[in-house]
Amino acid sequence: MVACVLSATSCKKVLDTNPTDRVPFDNAFSTPDYCLLSLNGVYDAAQSGPYNGGTERRGYPFGAANIEQGDCRGEDVINLAAFFQVTYQASYNSTAANCVAFWDNCYGLINKANVSIDGFKDAGGKGIITAALATQYEAECRFLRALAHHELTIHFARPFLDGAGAKDGVPYRSFAIASPTALEQIRSTPRPKVSEDYTKILADLDFAEANLPATYSTATTKTTRANKAAAIALKMRVKMHMGDWAGVITEGNKLVPATVTPLTWTSVASPIGGWTLTSAVDGPFTNNSSTESIFSVKNDAQDAPSVNGGLAGMLGSATIGGRGLVAISPIIWNNSAWKCNDKRRTALYVTGASNISTTNLSYFTTKYRDYATRGDFAPQIRYAEVLLTLAEAEARSAAVVSQRAIDLLNTVRNRALQAPAAEQYVIGDFADKVALVKAILLERRIELLAEGKRWGDISRNVMDANYTTGGIPAKAINGANGLAIYNCGGTYTPGQAAIPVTDFKFIWPIPANEIIQNPIIIQNPNY
């Protein structure tokens, strides 16, 4: 107190000092450095927001959670503990923490993106940053906004092909909620149709493609910041959900050379960004910023989710440092079309224990390997996915079995074969184009296993008689069952019953807190 009396000015300086991890809103776009810091804040919101109203960060929405949830909604993993049981067993309700956290954090990311877009436009208009940089930053935010809205749509709304997008979608928020007027606008806007969501998602991605750079100056930012190829690849994914196969081909041909050499998979470099497959099947996972990793959400030792959100912890064996809470399912492991000598089986999976049971061993992925500091990036778009998506579009669009589709499929698959020249697919292996598409869909399950893509494929194909699972597929019984259930090429009978697509549980409920605060948002049926 005496010091303050003697030196009021000094005391005032101490009292006015801003926290080192906070920037006042009025200053957030006042300098070029603050603009970049605000942009990083949007990426941080993609990585991890608060879980269930607390301070713990479990990787919602894209730091880990969309990978864990996307696989646990499908049949190719087994949930061993209570952690993802609600997701795995489809026993969720409108207060289920996993559903609520995903909704809240996706919209938290979206609002940060919208606030920042306004800030960048203002900064560009005032000359604080160049107009070109303001537009690029806006494009990065619109890419993330599109990514979040699409993920919300496939979980909380019926598939696009269920009625050509005529079912209720999710709120598409393209303006900042930073005033009472904006809040009232939200409360007076009903749920759009799924088709309206997809139109706006594609508009955001068209803007992103037009204004994003092809690459960045460092290996890390090349992968962890939105780039032109990422926008195009996400458009491919969105159009695939719409059944717009001609559109998928148009976008895919921007990224994939007209001629591919299936036996030289590392040479199939993208004309945009130079993306290519790594030579080894585990290349994208030994190096977070590989030539194959088009877009990933960054985790590192300084900014990682909690132990309950780390990919290596959740999906990795407890025997080698993980927790072993989600194992690989014998449904995919025993599939006779997945060659027993496939290199991925040994390079990307290992037998081990769960911390739930140290005696009943299971197969776990080793795609995520930083058990100590949880620094594995969360892969969102890999070049392998681009090649398989284009392969599927080519196969579906052709009148007969497509050689280009086979070449694209082989380019990914050959990397994992022991004798690729002898074992690769040829036209004679397929009776018709339906058989080829089924082979491509299986390759997606194998190549993208433990990367969260399974639910998206189930959802988009469920209305297609040739490729439907009929709904949420039958699954292995929840819990550790031991190695006896694993037998490459063997049989396995799922113990958890399937849920038909007509069941209301096929989609998630809108969280109760959203319905309470925003009564115009109608709940999904029967919740």
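Along the sequence shown, residues are numbered consecutively beginning with 1.
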Say you draw a straight line from CG of Leu442 to CZ of Arg444; how long is it, rounded to the nearest 0.5 Å?
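Nearest 0.5 Å value for the CG-CZ distance: 12.0 Å.
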With rounding to the nearest 0.5 angstrom, report the CG to CZ distance, Asn308 to Arg57.
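Here the interatomic distance stands at 14.5 Å.
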Is [X] positioned over the aromatic face of [Y], cation under 6.0 angstrom from the ring centre and no more than 45 degrees off axis?
{"X": "Arg173", "Y": "Tyr107", "result": "yes"}
{"X": "Lys298", "Y": "Tyr43", "result": "no"}
{"X": "Arg345", "Y": "Trp333", "result": "yes"}

For Glu447, which of Arg413, Arg415, Lys453 qualifies under salt bridge (charged side-chain N to carboxylate O under 4.0 Å, His left out)?
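Looking at Arg413, Arg415, Lys453, the match for Glu447 under the salt bridge (charged side-chain N to carboxylate O under 4.0 Å, His left out) is Arg415.
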Just to verify, which of Lys228, Lys254, Arg142 counts as forming a salt bridge (charged side-chain N to carboxylate O under 4.0 Å, His left out) with Glu209?
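Only match with Glu209 under salt bridge (charged side-chain N to carboxylate O under 4.0 Å, His left out): Lys254.
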Just by modelled atom types, is the [Y] backbone N or O under 3.5 Å from a matching donor or acceptor in the [X] side chain?
{"X": "Asn105", "Y": "Pro50", "value": "yes"}
{"X": "Thr130", "Y": "Leu133", "value": "yes"}
{"X": "Ser38", "Y": "Ala28", "value": "yes"}
{"X": "Gln69", "Y": "Thr87", "value": "no"}
{"X": "Asp76", "Y": "Gly74", "value": "no"}
{"X": "Glu451", "Y": "Lys367", "value": "no"}

Are the ring centres of Phe29 and Phe120 closer than 6.0 Å?
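Ring-ring flag for Phe29/Phe120: true, centres closer than 6.0 Å.
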Aromatic contact, Trp275 with Tyr383 (centres under 6.0 Å)
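No, the ring centres sit 6.0 Å or more apart.
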Looking at Tyr92, Trp455, Phe156, which hits ring pair (Phe, Tyr, Trp, His ring centres under 6.0 Å) with Phe506?
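Going through the options one by one, the only one that passes is Trp455.
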In a check of ring pair (Phe, Tyr, Trp, His ring centres under 6.0 Å) between Phe143 and each of Tyr137, Phe295, Phe207, which one passes?
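Of the listed residues Tyr137, Phe295, Phe207, the ring pair (Phe, Tyr, Trp, His ring centres under 6.0 Å) partner of Phe143 is Phe295.
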Carboxylate-amine/guanidinium contact [X] [Y], below 4.0 Å:
{"X": "Arg58", "Y": "Glu56", "answer": "yes"}
{"X": "Asp282", "Y": "Arg369", "answer": "yes"}
{"X": "Lys200", "Y": "Asp197", "answer": "no"}
{"X": "Arg445", "Y": "Glu75", "answer": "yes"}

Stepwise salt bridge (Lys or Arg N to Asp or Glu O under 4.0 Å) check, Asp71 with Arg454
CA-CA 5 Å; Asp71 278 326; Arg454 183 58 184 145; over 6 Å; no
